[in-house]
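Since the structure comes first, as structure tokens, the remarks are kept for the end.
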Amino acid sequence: MSAIEKRIGAKITELRLEKKQTQPQLAEKINVSVETISRLERGVNFPSLKTIEKISMVLDVPMKTFFDFGEAQPKSSSFERELSKFIAYLRTLEEKEISLIHKVSRAALKTLKD
């Protein structure tokens, strides 16, 4: 499994969760198995362009979104998956809730480092 597979898989997870879709829902909408979605999200398999096109249509995002990684390099597939889930969760919250989570997280991590 290459870095690109992991990054695209993490992006699929992030976008799916942002749109509040489950793996079974996405699988049904693009006519693949749940196992296929799981393998794509974990970076075990590389999606074809046709599959990326179907996912982009269902999730209502441009295809280029799956290839927009910014400058950060992935740390590991599990790290990227957890980060994607967390980002998707944060997108469901209000700004004041995100600010509180940020403050609490920083305080907790500072305590752990001390």
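This one's a predicted model, so the numbers in the text were calculated from it and none came from an experiment. Atoms considered below: every heavy atom in the structure, side chains included; atoms not considered: hydrogens, waters and symmetry mates. Positions are given from 1, in the same order as the sequence printed here.
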Considering all heavy atoms, the nearest Arg16-Leu26 contact: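 Taking every non-hydrogen atom into account, CD-CD2, 3.9 Å.
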Minimum-distance pair of heavy atoms, taken over all atoms of Ala10 and Ser84: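 Shortest heavy-atom separation between Ala10 and Ser84 comes out as O-OG, 2.9 Å.
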Checking [X] now: which residues fulfil salt bridge (charged side-chain N to carboxylate O under 4.0 Å, His left out) with it, not counting sequence neighbours?
X: Arg81; answer: none
X: Glu28; answer: none
X: Lys19; answer: none

What donor-acceptor contacts under 3.5 angstrom involve side-chain atoms of residues 100-112, with partners at least two apart or in another chain?
from	atom 1	to	atom 2	distance (Å)
Ser105	OG	Ile101	O	2.8
Thr111	OG1	Ala107	O	2.9

Nearest-0.5 Å distance that lies between atom CG in Asn45 and atom CD in Glu35: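 Answer for the CG-CD pair, Asn45 versus Glu35, is 8.5 Å.
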Partners meeting side-chain contact (heavy atoms from CB on, under 4.5 Å) with Ile8 (sequence neighbours left out):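 Checked Ile8 against side-chain contact (heavy atoms from CB on, under 4.5 Å); matches are Ile4, Ile12, Phe46, Pro47, Phe67, Phe69.
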Pairing residues for Gln25 by the side-chain contact (heavy atoms from CB on, under 4.5 Å) criterion, not counting sequence neighbours: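 Gln21, Thr22.
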ILVMFWY network linking Ile37 to Leu17, side-chain heavy atoms under 4.5 angstrom: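 No.
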For Ser33, all residues meeting side-chain hydrogen bond (donor to acceptor under 3.5 Å, both in side chains), sequence neighbours excluded: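 Once residues adjacent in sequence are excluded, the partners of Ser33 under the side-chain hydrogen bond (donor to acceptor under 3.5 Å, both in side chains) criterion are Thr36.
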Carboxylate-amine/guanidinium contact Glu14 Lys85, below 4.0 Å: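 Lys85 and Glu14: not salt-bridged.
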N/O donor to acceptor pairs below 3.5 angstrom from side-chain atoms of residues 56-65, sequence neighbours left out:
from	atom 1	to	atom 2	distance (Å)
Ser56	OG	Ile52	O	3.4
Ser56	OG	Glu53	O	2.8
Thr65	OG1	Pro62	O	2.9

Which donor-acceptor pairs under 3.5 Å do side chains of residues 89-97 form with protein atoms, sequence neighbours excluded?
from	atom 1	to	atom 2	distance (Å)
Arg91	NE	Glu18	OE2	2.6
Thr92	OG1	Tyr89	O	2.5
Glu97	OE1	Glu94	N	2.7

Side-chain cluster (under 4.5 Å, hydrophobic types only) that Val34 belongs to, other residues: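 Noted: Val34 shares its cluster with no other residue.
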